[in-house]
Every structure is written in C-alpha cells, then in structure tokens.
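Take a look at the structure below.
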There are 2 protein chains.
Amino acid sequence: MVRSRITIYDVASYAGVSHQTVSRVNNQSERVKTETREKVEAAIKELGYNPSRLAQSLVTQKTKTIGLIVADITNPFFFEVARGVQDTALAQEYNVFVCNTDDNPQGEQDVLTLLASQEVDGVILSTASSTDEELLTFAENYKPLVVINRDIDHPKASLVNVDIYKGAKLAVEHLINRGHTHIAMLSHEGHLPDHVRRVHGYKETLEAHDITPNDEWLVLAPPNLMGGYKATQELLSEHPEITAIFTYNDLMAIGAIRGCHDMGVKVPQDCAIMGFDDIKFSAMTQPSLSSISFDKYVVGQKAMQRLFEMFDEPNTTFAPIPLDVKLVIREST
Amino acid sequence: MVRSRITIYDVASYAGVSHQTVSRVNNQSERVKTETREKVEAAIKELGYNPSRLAQSLVTQKTKTIGLIVADITNPFFFEVARGVQDTALAQEYNVFVCNTDDNPQGEQDVLTLLASQEVDGVILSTASSTDEELLTFAENYKPLVVINRDIDHPKASLVNVDIYKGAKLAVEHLINRGHTHIAMLSHEGHLPDHVRRVHGYKETLEAHDITPNDEWLVLAPPNLMGGYKATQELLSEHPEITAIFTYNDLMAIGAIRGCHDMGVKVPQDCAIMGFDDIKFSAMTQPSLSSISFDKYVVGQKAMQRLFEMFDEPNTTFAPIPLDVKLVIREST
DNA sequence: AACAGAAATGTGACCGCTAACATAAACGTG
DNA sequence: CACGTTTATGTTAGCGGTCACATTTCTGTT
C-alpha cells in the first residue's frame with residue numbers, strides 16, 4: 001500500500017500555509033513565527049512527511065553522497081579505512097558508495113564514470129591502478145577529490161599520506177638490528193608511490209647499512225594471502241640463504257608465515273617475517289606478526305574530514321595530511 | 001572551471017531537434033529515424049553530455065541504488081557478502097550504499113532511516129540487531145527487502161538462508177567422530193535464527209549422540225578475534241576437561257587457537273577447534289582451521305539477484321533461497 | 001492616525017529529466 | 001489524389017523541492 005509520496009504541498013495545505021513556509025521550517029533558521037512553525041511541525045508529524053532528497057539534490061546540486069574507491073574491500077587495510085570514512089560521513093548525514101576496482105585500470109575508469117553519473121559530491125580514492133594523468137583529468141573536470149597514498153598535484157585534489165618510506169625504513173632497520181643481512185622483500189608490482197616508496201625504503205636502508213640489495217631477492221606478487229604464500233615458497237627454495245623477509249602488507253606476510261611453515265622453515269628462528277599495515281589478524285597469527293602500524297581508521301576519517309573542508313572552501317588548496325607510522329615487534333622477528 | 005551542466009536541451013538545440021527526441025535516443029528502443037538518431041548521438045558526443053541521474057530518478061522514482069546493511073564490514077564474512085552484492089549490482093549499473101550497524105539496534109534504525117531518506121530502491125539486510133517487529137514495520141511501509149539468515153514472514157521481504165543448522169550439526173558430528181565428548185561452544189549472544197540455529201545444532205547433535213550438553217561449556221562472547229581469545233582462556237582455565245571447541249565463526253576460532261597457544265594448550269592434540277564461515281584466513285592460520293564452508297560471495301550475489309527479481313515483479317512472493325554448507329577439515333581438528 | 005521599515009508569508013520560475021498527449025510527416029490504398 | 005494509418009517529432013505538464021522576488025502583516029515613530 002505505497003500511498004503516494006507526501007509532498008511539501010500536502011503539508012502546506014494541511015497546515016494552511018504556503019509550500020515555501022514549510023520549506024522554511026524544514027531548513028530551520030529562517031524567520032518564521034513560532035506559532036506557524038509549530039503548526040507546520042505538527043502537520044509534518046501528522047502526515048509523516050519527510051523531504052525528498054532527490055528533489056533537494058536536483059535543485060541544490062548537492063547529493064550528500066560521496067564515492068570511496070578502493071582496490072578491494074576484501075583487504076583488511078581497505079575496510080578499516082572504509083569504516084573510518086563511513087562513520088565520519090554518516091555523522092554529517094552523508095552516505096558513501098564503496099567501489100572496488102580490483103586493481104584493474106579499466107575497473108577504475110568504469111567506477112569513476114559510474115560515480116560521475118550518480119553525481120556524488122566528492123570522491124576519496126585509495127587505490128593505485130589508474131595513471132596519474134587519468135586521475136588529473138578526472139580531478140580537472142569533476143569534483144573534490146581526496147587521494148590516499150599517492151602524489152598528484154592538482155588544486156582540486158588533496159592528499160592523505162602515510163609515511164610509507166619511514167615504515168619501510170623502520171622495518172628493515174629492525175631486521176638489521178636483529179642481525180639479519182640476507183633480507184628479501186615481497187612487493188606488489190606497480191610504479192606508484194605506495195609501491196615504490198616501500199621498495200625505496202627497503203633498498204636505501206640496506207645501502208645505508210652497507211648491504212648491497214640483491215635484485216633476485218625482491219619478488220613481485222599479488223598483495224594477498226596466496227600471493228605471499230606462493231612467493232615465499234619460490235623465493236626460499238631458490239634462495240635458502242635468506243633469513244628475513246619484509247612484505248608489502250600483512251596479508252602477504254601471513255601467507256609467508258604459512259609458506260615457511262609448510263616448507264619446514266621455522267619463523268622466526270630460520271626466517272624472520274616482517275609485515276606492513278598491522279591489521280587485526282596480525283596479533284593473532286602463530287607466531288604473531290611484527291609489522292608497521294598506523295591507524296587505518298584515522299586515515300579514512302581524515303580523508304573524509306578533508307573532503308568536508310573542501311566542500312566548505314572550494315577554492316582553497318590544502319596541504320597534504322601526513323600520518324606517522326610505528327614499529328610493532330611481535331614474535332615473527 | 002565547472003562549466004555548468006550540459007542538459008538535454010543543449011543537445012537538442014545543437015542537433016536541431018526537440019529535447020524529447022534526445023530523451024528518446026537516450027532511452028534507446030524508441031522509434032526515431034536512424035538519421036536523426038545519428039545526428040543526436042553526434043551532438044551528445046560533441047558536447048560531452050551525460051544525463052543527470054538525479055533528474056531521471058526524480059521523475060521515474062527509481063534511483064538505481066540499493067542499501068546493504070551489515071553488522072560490521074570489518075568482519076570477513078560480511079565483506080565477502082558485500083563483494084557479491086556490489087559486483088552483481090554494478091553489472092546492472094546499480095550502486096550500493098554499505099551501512100554498518102555495529103550490531104546495535106539504534107545504529108540499525110538510524111541506518112534504515114538514512115537509507116529511507118536517500119530513497120534507495122531496495123535493501124539487503126544481513127544483520128541481527130533489530131527485532132522482527134521493527135523489521136516488519138520497515139518492510140511494511142517501504143521498499144523490497146532481502147534478508148539474509150533471518151526468518152521473517154512478510155510479502156515484501158524475501159529470504160536468503162544458509163543452512164546454519166546443518167553446518168552446526170556437521171561440525172559437532174565431525175568432532176564426535178574424532179572421539180571428542182567434552183565439546184564446548186563459543187557463541188554470540190542473541191536470540192535470532194542466525195545465533196539460535198548454531199546453538200540448537202550444537203546441542204541437538206550432542207544429544208543425538210547421547211552426550212548431555214553442559215551449559216557451562218556454552219560461552220557467549222563478542223564474535224571477533226578478541227572475543228574468541230578471551231573466552232577460550234576463561235573457558236579452558238575453568239574447565240580443563242574440555243577437548244574440543246566449536247565456535248560461532250572463524251574470527252572467534254582464530255582467536256581461540258591463539259588463546260590455546262598462549263596457555264600452552266596444543267591444537268589439535270590437547271584441544272580441537274572448529275570454526276564456522278570458512279573465511280580466507282582460515283587456510284593460512286597455524287594450525288589451519290577446520291570450518292563450515294559456504295560461498296559468501298554467492299550469498300551476496302543471490303541476494304542481489306533476488307532483489308532485482310522483486311523489482312521486476314513487485315507483487316510476487318518469492319520462496320526463500322537456501323544455501324548449502326559443507327565441512328572443511330584442516331589441521332585444527 | 002499616518003506612514004516607513006522590518007518581519008512574515010506567498011508567488012512564480014526553475015533544477016533536468018520523462019510521460020502523456022498533440023501534431024506533423026510519410027505511407028499505403030481504393 | 002483524397003483519405004485513413006502508421007511513424008516520427010514536438011509540446012506541455014509535472015516529479016518535489018529551493019530560490020528570488022513580490023506581497024502582506026506587524027512594528028514603532030512622529
């Protein structure tokens with residue numbers, strides 16, 4: 001029995017005022033006599049009226065909706081970010097569309113167009129597949145954009161950057177302090193800051209300690225459990241001299257631990273494993289995983305807050321938001 | 001530089017036709033001469049026009065948007081479901097709002113109202129906090145609703161049900177077959193089918209094998225890593241006679257494995273652990289986790305497909321969609 | 001009491017589209 | 001070639017709001 005929608009006009013005639021007065025009551029803070037305001041509010045309650053966001057959006061050109069683009073919500077890193085974004089958005093009655101790109105450039109383009117057609121007020125992007133130029137084009141003729149862990153230079157794009165380089169440095173230094181010199185790295189293919197910084201941090205820290213990085217010890221694989229598992233097995237069977245592995249993320253590290261186990265390699269005695277992201281599972285694995293920690297929820301939160309700031313001051317250019325990392329030592333090293 | 005939106009009228013005058021003709025071209029399949037169609041399409045491309053979904057929605061009363069309500073996207077169970085929903089939705093150019101309730105009834109109500117105000121075309125609900133009555137009220141005066149793992153009887157609500165009872169039975173039978181008789185269960189508080197069926201399956205299977213369930217061995221805790229960890233430690237220190245634990249979900253089980261380890265209890269020799277959900281991590285833990293498996297992605301997929309069916313045939317009442325489970329035996333039992 | 005000025009309310013247009021109907025063009029047929 | 005039919009295109013209204021401006025009502029002042 002979907003009785004047809006109650007409009008502002010229904011309320012108006014019920015309360016004996018004009019539709020505009022109802023609109024004023026709805027949007028608060030307009031000057032309307034308390035008496036009539038009460039009359040209108042009563043009518044609203046009586047009829048069970050609530051305004052159509054669609055209609056509001058059409059005229060105001062704001063949808064109170066944002067898009068969040070992630071590579072894969074299935075990755076604990078992304079969904080903690082997503083929670084941060086969602087909770088912050090919800091508090092201001094914004095809704096968020098979460099879109100997965102599956103780390104595939106076409107997916108990312110599709111999703112951007114879809115979001116464009118849905119007319120979101122802004123976009124938060126935490127993914128790495130599209131090129132910078134594509135992103136710039138998007139920023140150019142579109143909406144405010146907050147980008148996580150990338151470097152792009154455009155007045156309409158704002159950045160939230162975790163100090164990845166420092167994280168990689170801390171990780172490798174920790175391994176070196178533990179006496180390791182044969183340190184491998186499992187990374188994720190790609191040429192974007194998020195990838196590159198980890199690798200740079202790894203290589204440069206080794207060099208700073210007079211260890212020459214061995215390119216054969218740097219393996220690229222998909223950044224998930226299975227990727228880490230397989231890469232570890234291949235790596236260790238070809239290079240048994242390796243005594244420590246630093247991974248792109250915790251997912252790979254957890255796969256790596258299991259990979260070691262299945263080859264009879266003891267963690268951390270025979271091979272130490274060091275992750276990145278410090279997801280919740282890492283404290284519960286056996287052995288528990290040392291990792292580089294930062295608050296993913298806060299990443300999402302800050303990104304959303306920045307987006308709100310951009311809505312309020314469309315012509316301001318904002319400085320990047322830096323986020324610090326710290327080393328968490330557990331059993332795997 | 002946001003040049004103001006290109007409308008259907010701009011295209012119309014550029015192509016020298018009426019706006020309605022443009023609309024016809026947009027919505028395909030109308031009878032319009034190929035010649036003019038081409039003219040219009042050229043104009044569309046030339047001007048870079050794309051239609052405003054907002055305006056379309058306002059007149060058609062369809063937003064091509066659905067809401068997905070989950071307890072916590074941070075739980076791997078939910079995000080695999082979410083992926084199934086999203087991918088299926090996207091294929092038809094539907095977008096989905098994911099909302100978290102944090103397993104809190106107020107949160108769920110808030111979220112339902114927010115979705116109502118956003119005017120989604122339908123809702124998929126995979127959570128358990130609101131009461132059946134609240135849900136019925138929602139279904140009554142709202143949109144098509146697909147509910148996962150609950151029993152509610154309303155023509156506007158459709159069900160997708162994983163065979164939880166059978167899962168619990170398989171799990172407990174497996175433990176019994178392994179020779180266990182002192183089998184505890186870690187569950188999640190709540191009186192809803194999703195919870196109750198697991199517990200029933202547990203108790204009734206024990207009874208079917210002439211084992212009297214011991215209520216002290218049934219512990220309620222939050223359904224996450226930490227909940228499983230703590231509950232296991234309390235349980236085993238009070239009841240060292242327990243030799244097997246069946247948990248509400250894999251998150252708790254992974255916590256339980258770690259809990260055992262930290263007490264010096266060997267899994268599976270001293271205590272077997274059996275999970276439920278078969279999340280991806282379960283194959284990678286150490287020891288790997290036996291679990292009850294079902295395809296969570298498919299759950300989301302089916303739910304979304306059902307929602308589409310409900311859009312197409314608003315007055316049909318659909319039968320619940322059943323989903324089978326299977327036992328996956330790994331190292332923890 | 002008369003009148004200016006502020007406060008409260010009402011009116012019409014418009015956001016960008018589709019639905020329903022009206023009209024014009026093209027086509028066949030006796 | 002006059003006529004009804006079909007097919008293609010145009011016109012108008014309205015979805016449910018907000019905005020800008022017009023109008024009315026209420027103040028306070030001389």
Side-chain angles (χ1 to χ4, degrees), chain A residues 2-44 47-65 93 116-121 143, chain B residues 2-44 47-65 93 116-121 143:
Chain A
V2 188
R3 52 195 184 299
S4 66
R5 183 173 255 286
I6 293 139
T7 77
I8 207 170
Y9 288 92
D10 301 324
V11 176
S13 70
Y14 188 96
V17 296
S18 82
H19 70 275
Q20 179 59 356
T21 304
V22 179
S23 177
R24 286 193 182 101
V25 172
N26 269 329
N27 298 306
Q28 329 260 318
S29 73
E30 291 284 333
R31 38 225 240 185
V32 30
K33 209 154 60 174
T34 11
E35 196 185 310
T36 45
R37 153 164 285 127
E38 279 159 8
K39 218 163 47 182
V40 171
E41 276 164 353
I44 288 176
L47 297 174
Y49 163 81
N50 58 2
S52 157
R53 272 216 169 161
L54 240 39
Q56 286 178 151
S57 298
L58 183 59
V59 39
T60 58
Q61 303 289 12
K62 312 218 151 129
T63 54
K64 288 211 159 205
T65 285
E93 303 202 300
S117 83
Q118 280 285 8
E119 285 146 46
V120 296
D121 292 343
K143 299 282 169 64
Chain B
V2 189
R3 56 195 180 298
S4 65
R5 181 174 257 285
I6 293 141
T7 77
I8 207 171
Y9 288 93
D10 299 325
V11 177
S13 71
Y14 189 94
V17 297
S18 83
H19 70 278
Q20 181 59 350
T21 303
V22 180
S23 175
R24 287 195 181 100
V25 172
N26 270 329
N27 299 305
Q28 329 262 314
S29 74
E30 291 284 336
R31 29 232 243 171
V32 30
K33 208 153 62 174
T34 12
E35 194 184 313
T36 46
R37 150 164 287 125
E38 278 158 8
K39 216 163 51 184
V40 170
E41 275 164 354
I44 288 176
L47 298 174
Y49 164 81
N50 57 3
S52 156
R53 273 218 169 161
L54 241 37
Q56 287 179 149
S57 299
L58 184 59
V59 40
T60 59
Q61 303 289 13
K62 313 219 150 129
T63 54
K64 288 211 159 207
T65 285
E93 302 203 302
S117 82
Q118 280 284 8
E119 285 147 45
V120 295
D121 292 343
K143 300 279 169 67

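Below, each value reflects all heavy atoms present in this structure, side chains not excepted, and no hydrogens, waters or symmetry copies. Just so we're on the same page: letters track the sequence lines, and every chain starts at 1.
In this structure, CZ of B:Arg5 is placed 19 Å from P of C:dC14, rounded to the nearest angstrom. Here C:dC17 presents its P atom at 8 Å from CG of B:Asn26, a figure rounded to the nearest Å. Taking atom CG of residue A:Asn27 and atom P of nucleotide C:dA8, one finds them 17 Å apart after rounding to whole Å. If you take CG of B:Leu58 and P of D:dT18, they are 12 Å apart, rounded to a whole angstrom. The separation between B:Arg24 atom CZ and C:dC21 atom P is 14 Å, rounded to whole Å. One can place CD of A:Glu35 at 10 Å from P of D:dC26, the figure rounded to the nearest angstrom. Look at NZ on A:Lys62: it is 23 Å from P on D:dG16, rounded to the nearest Å. Between the CD1 atom of A:Ile44 and the P atom of D:dG16 there is a distance of 16 Å, given to the nearest Å.
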Tabulate atom names and distances for all N/O pairs under 3.5 angstrom spanning the protein and nucleotides 6-8 of chain D.
none

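For B:Ser23 and C:dT18, the shortest distance from a side-chain N or O to OP1 or OP2 is below 4.0 Å.
Taking CZ from B:Arg37 and CD1 from B:Ile44, the interatomic distance works out to 9.5 Å, rounded to the nearest 0.5 Å. One distance of note links CG of A:Asn27 with OG1 of A:Thr60; it measures 9.5 Å at 0.5 Å rounding. The NZ atom of B:Lys39 lies 8.5 Å from the NZ atom of B:Lys33; values are rounded to the nearest 0.5 Å.
Side-chain contact between B:Asp121 and B:Thr65: absent, with no pair of heavy atoms (C-beta onward) separated by less than 4.5 Å.
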Side-chain donor-acceptor pairs of residues 6-15 of chain A under 3.5 Å, sequence neighbours excluded:
from    : atom 1 : to      : atom 2 : distance (Å)
A:Thr7  : OG1    : A:Tyr9  : N      : 3.0
A:Thr7  : OG1    : A:Asp10 : N      : 3.4
A:Asp10 : OD2    : A:Thr7  : N      : 2.7
A:Ser13 : OG     : A:Asp10 : O      : 3.3

Identify each donor-acceptor pair in which a side-chain atom of residues 47-55 of chain B lies under 3.5 Å from a protein atom, sequence neighbours left out, and give them as a table.
from    : atom 1 : to      : atom 2 : distance (Å)
B:Ser52 : OG     : B:Leu54 : N      : 3.3
B:Ser52 : OG     : B:Ala55 : N      : 3.1
B:Arg53 : NH2    : B:Glu93 : O      : 2.9

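Interface residues of residues 8-21 of chain A facing DNA chain C, ordered by number: A:Val17, A:Ser18, A:His19, A:Gln20, A:Thr21; criterion, heavy-atom separation under 4.0 Å.
A search for side chain to side chain contact (heavy atoms under 4.5 Å, CB included) contacts involving A:Ser18 returns A:Gln20, A:Thr21, not counting sequence neighbours.
Where the helix from C:dA1-D:dT30 to C:dG30-D:dC1 starts and where it ends, the local axes point in directions that differ by 50°; five pairs per end, rounded to 10°.
With respect to B:Glu119 and B:Lys62, no salt bridge is recorded, no charged nitrogen being found less than 4.0 Å from a carboxylate O.
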